[in-house]
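Reviewing the structure listed below.
Residue numbering restarts at 1 for every chain, and letters A, B, ... go by the order of the sequence lines. The shown structure was predicted, so the numbers you read here are calculated from the model rather than taken from an experiment.
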There are 2 protein chains.
Amino acid sequence: MSAITERRERERAHRHQLIITAARELAEAEGWEAVTTRRLAERVEYSQPVLYSHFNGKDAIVSAVAIDGFSELAAHLRRARLAAPEPGQTLRAVCRAYLEFATERPALYQAMFVLPTDLKFASAQTPPPLRAAFDEFVSCFRPDNDRRELFAEFTWSALHGMAVLSDSGRIPPDGQEERLDFLVTQIAGTPRG
Amino acid sequence: MSAITERRERERAHRHQLIITAARELAEAEGWEAVTTRRLAERVEYSQPVLYSHFNGKDAIVSAVAIDGFSELAAHLRRARLAAPEPGQTLRAVCRAYLEFATERPALYQAMFVLPTDLKFASAQTPPPLRAAFDEFVSCFRPDNDRRELFAEFTWSALHGMAVLSDSGRIPPDGQEERLDFLVTQIAGTPRG
DNA sequence: CAGGATGTCTAGCGTTGCTAGGATGTCGCC
DNA sequence: GGCGACATCCTAGCAACGCTAGACATCCTG
């Protein structure tokens with residue numbers, strides 16, 4: 001492979017990421033309904049069809065944003081977990097970090113969990129970043145707990161429900177801290193929790 | 001008011017409901033992305049503009065379906081609660097009924113909780129059926145529990161998270177019963193739960 | 001029976017996601 | 001260096017979307 005085609009592939013990869021970040025910024029600024037292929041193309045200063053030379057369609061772009069989001073979420077949770085003052089506080093710290101993430105980046109969170117997406121979950125093709133984020137929850141529980149996965153699934157589900165119902169105003173958003181406290185004390189009171 | 005205009009209003013109300021049920025059936029059969037104003041108009045055997053003489057727009061139709069759904073959900077939960085064999089089993093029965101509802105009517109559930117909607121929640125204009133459904137959860141806890149609302153909000157959040165993550169395949173759907181059991185035993189172990 | 005209000009439809013606007021086909025530019029080969 | 005082959009990109013357009021203006025028909029009222 002010549003150096004020229006190498007440069008081209010570099011540029012192409014760069015543009016690939018440019019599209020993803022542009023979509024994300026646009027969504028975070030004006031919501032996903034404002035992210036149209038035309039506006040996105042204009043933003044990256046190319047015509048519409050180049051988007052389709054990088055992605056199979058709009059859904060694929062959203063999925064790419066979501067995968068980036070999973071990486072960030074995993075890192076965010078990991079940071080919170082390691083920064084927890086004492087072992088008994090890790091679960092609370094990670095849960096709080098999760099809700100923080102959801103409320104501070106609502107559009108990104110939507111791409112990851114609400115919008116229709118091409119991603120395959122709970123299968124062999126599960127994106128590693130998603131698995132990494134999930135494992136942060138698993139790590140909150142003691143290794144000798146043979147139901148760690150169940151604990152993590154449940155915790156995640158509860159947090160997701162709280163995040164999305166609160167974001168859409170279906171439960172009062174200001175009660176979030178109280179509900180978080182409830183969740184953590186419930187689970188902490190469990191053997192090997 | 002003349003008898004004629006009365007008949008007209010009756011017919012109009014009938015058609016109003018016809019639109020709602022048609023939208024719901026179409027969504028349940030082929031998903032909400034298949035519910036377009038054109039197909040809906042064709043289905044009720046009127047032209048498109050009549051839809052707009054009944055509703056402010058497509059979102060308003062979805063909202064109307066959602067409100068019907070809340071009524072059904074409230075009735076469904078109520079039935080389960082009253083049919084519970086003993087007081088200690090009511091929470092489990094209601095939670096199971098909730099998950100049943102979500103998995104058996106996924107499109108209806110989406111209209112109620114996922115799709116963009118005109119509805120105002122947690123405010124004075126909260127639709128009574130939604131409040132009724134929520135109250136079914138509250139009724140699962142003892143009246144002397146001064147944190148019943150919190151308990152109910154949390155339970156609902158957890159169930160919603162489980163329902164939606166399972167439906168989208170983000171957590172394994174076959175672990176649902178186990179997670180339900182986990183939720184119920186966690187909360188039941190609480191004082192005045 | 002005429003006049004006006006009511007109800008409904010045809011037709012079309014602007015926007016959406018997506019794609020075909022031509023124009024432009026770049027590369028490797030003789 | 002010139003030329004065919006190839007890759008890249010854009011203009012233009014398609015079908016379908018939500019929604020609406022304005023014409024047509026229909027029916028009640030005076």
In whole angstroms, how far is the [atom2] atom of [N] from the [atom1] atom of [X]?
X: B/Leu51; N: C/dT8; atom1: CG; atom2: P; value: 12 Å
X: A/Arg38; N: D/dC17; atom1: CZ; atom2: C1'; value: 12 Å
X: A/Lys58; N: D/dA16; atom1: NZ; atom2: P; value: 19 Å
X: B/Leu40; N: D/dC19; atom1: CG; atom2: P; value: 12 Å
X: A/Glu33; N: C/dT16; atom1: CD; atom2: P; value: 12 Å
X: B/Phe55; N: D/dG18; atom1: CZ; atom2: P; value: 15 Å
X: A/Tyr46; N: C/dG25; atom1: OH; atom2: C1'; value: 14 Å
X: B/Tyr52; N: C/dG7; atom1: OH; atom2: C1'; value: 18 Å

For this session: Evaluate the side-chain proximity of A/Ile20 to A/Asp68: yes if any heavy-atom separation is below 4.5 Å, no if none is.
Result: yes
Exercise. How about A/Phe151 and A/Val138: do any of their side-chain heavy atoms sit closer than 4.5 Å?
Worked result: no
Exercise. Could one point to a donor on the side chain of B/Gln48 or the base of D/dC19 with an acceptor on the other under 3.5 Å away?
Worked result: yes
Report yes if a side-chain nitrogen or oxygen of [X] is closer than 4.0 Å to either non-bridging phosphate oxygen (OP1 or OP2) of [N]; otherwise report no.
X: A/Thr37; N: C/dG17; value: yes
X: B/Arg15; N: C/dG7; value: no
X: B/Arg39; N: D/dG18; value: no

Exercise. If you look at every strand shown and take non-hydrogen atoms under 4.0 Å, does B/Ser47 touch a base, only sugar-phosphate, or nothing?
Worked result: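 Base, at least one base heavy atom under 4.0 Å.
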For this session: Would you check if the side chain of A/Trp32 reaches a backbone N or O of A/Ala107 as a donor-acceptor pair within less than 3.5 Å?
Result: yes
Problem set entry | B/Tyr46 six-ring face occupied by B/Arg15 cation (under 6.0 Å, within 45°) |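 Positive - B/Arg15 is close enough to the ring of B/Tyr46 and near enough to its axis.
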